[in-house]
Amino acid sequence: MGTTVSLLAPAKVNLTLDIKGPRPDGYHELETIMHQVNLVDTVHLRRLTDGIEVSTDSPLVPGDSDNLAYRAAVEFFQATGIAGGVDIHIEKHIPVGAGLAGGSTDAAAVIKGLNRLYAAGLDIKDQMALGARIGSDIPFCILGGTALARGRGEILTPLSPARNLLMVLAKPGYSVSTREVYARYDQGKVTRRPDTGGVEAALASGNLAGACAGMENVLETVTLECCPEVALLKQMMTDLGAVKALMSGSGPTVFGIFLQREVAEAACAIINRYYEEVFIVTSFERG
Ligand code: C5P
């Protein structure tokens with residue numbers, strides 16, 4: 001058994017996000033296609049005899065027990081009964097409070113990494129179940145790739161898009177609280193819903209135009225009310241050549257899908273004059 005392990009922790013975007021209704025547990029019943037992109041944090045783990053330490057290179061991320069990565073380590077040691085500890089260092093590149101699952105992907109990497117570091121033998125289902133106890137996006141971040149998520153987000157069906165997606169991501173200079181966005185969600189205000197089945201089929205056959213036609217995110221209705229820049233960014237992306245522009249998760253990050261790298265690069269450079277956090281990404285390739 002080694003004493004250190006480093007993992008890449010990719011961000012996700014929601015290609016579709018639909019809410020089927022409220023749940024008795026206070027959460028919302030989701031139907032969302034999640035897709036990992038190659039904007040990544042790096043999570044370094046080092047075995048300790050006991051205790052959990054968390055540090056990051058970002059002043060915006062808590063370096064204590066508020067960090068989801070810390071909670072993931074607590075859950076791992078409790079669930080496995082292993083006596084040990086870990087020093088976690090997170091190199092942060094994914095924007096925080098952005099709708100890109102930045103905190104969830106770090107927590108997922110901690111679960112996967114600890115499983116390796118301590119040869120705990122948890123299979124992927126065990127790891128996903130452990131992750132679900134900490135956050136709704138964590139099971140997907142453990143599974144990776146592209147998947148349809150239902151339930152709170154933990155019921156996952158893997159999908160295989162037939163082609164790589166090229167995107168520009170842009171985040172306005174503020175963050176939103178996922179909890180608040182869901183709390184203010186009012187299905188009476190929704191005018192456009194995604195065609196989840198249509199997007200799934202179009203992705204599988206490599207029909208990008210068909211996939212884009214069915215992509216929608218019902219949470220835009222909430223976030224747009226407080227963050228008009230989301231609408232502005234969507235318009236900018238489209239004006240600059242995106243074939244589709246949509247908010248990811250609870251926002252406020254907007255992604256634009258592009259067909260040509262030169263067009264995406266030009267769009268990225270222009271948006272970057274107004275917004276600091278702008279990235280060109282493609283689908284995350286595992287391995
Ligand atoms: O599960 P997680 O803590 O990441 O979710 C953050 C917040 O988002 C929850 O507190 C809840 O208010 C909301 N949420 C929801 N329905 C979901 C997922 C998240 O209402 N399926």
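Just so you know, these numbers use all the heavy atoms, side chains as well, and skip hydrogens, waters and symmetry mates. Both ligands and their constituent atoms are indexed starting at 1 by order of listing.
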What atoms of ligand 1 come closer than 4.0 angstrom to any heavy atom of [X]?
{"X": "Leu30", "answer": "21 (N)"}
{"X": "His28", "answer": "15 (C), 16 (N), 17 (C), 20 (O), 21 (N)"}
{"X": "Arg152", "answer": "1 (O), 17 (C), 18 (C), 21 (N)"}

ask   = Which of the listed options, Arg179, Glu180, Arg150, holds the heavy atom that is closest to atom 7 (C) of ligand 1?
value = Arg179

message = Quick test of your reading of the structure: of Gly153, Gly103, Ser136, whose heavy atom lies closest to atom 18 (C) of ligand 1?
response = Ser136

For [X] against [Y], the heavy-atom pair lying closest together:
{"X": "Arg152", "Y": "Gly135", "answer": "NH2-C, 3.9 Å"}
{"X": "Val54", "Y": "Pro62", "answer": "CG1-O, 4.5 Å"}
{"X": "His28", "Y": "Pro22", "answer": "CD2-CA, 4.3 Å"}

task = Using a 4.0 Å heavy-atom threshold (strictly under), name the region of Tyr182 that reaches ligand 1: side chain, backbone, both or neither.
result = side chain

task = Establish whether Leu208 and Val281 are linked, either directly or via other cluster members, by ILVMFWY side-chain heavy-atom contacts under 4.5 Å.
result = yes

ask   = With distance as the sole test, does Asp87 use its side chain to make a donor-acceptor pair with the main-chain N or O of Arg46 at under 3.5 Å?
value = no

ask   = Quick one: does Asn207's side chain have a donor or acceptor within less than 3.5 Å of a partner on Ala202's backbone?
value = no

key: Stepwise side chain to side chain donor-acceptor pair (under 3.5 Å) test for Thr4 and His44   = CA-CA 7 Å; Thr4 62; His44 304 279; over 6 Å; no

ask   = Considering only protein heavy atoms, which is closest to atom 6 (C) of ligand 1, and at what distance to one decimal place?
value = Thr178 CG2, 4.0 Å

ask   = What residue and atom, counting heavy atoms only, is the protein's closest point to atom 9 (C) of ligand 1, and at what distance?
value = Tyr27 CE2, 3.8 Å

message = I'd like to know whether ligand 1 has Asp137 as a neighbour, heavy-atom separation below 4.0 Å.
response = no

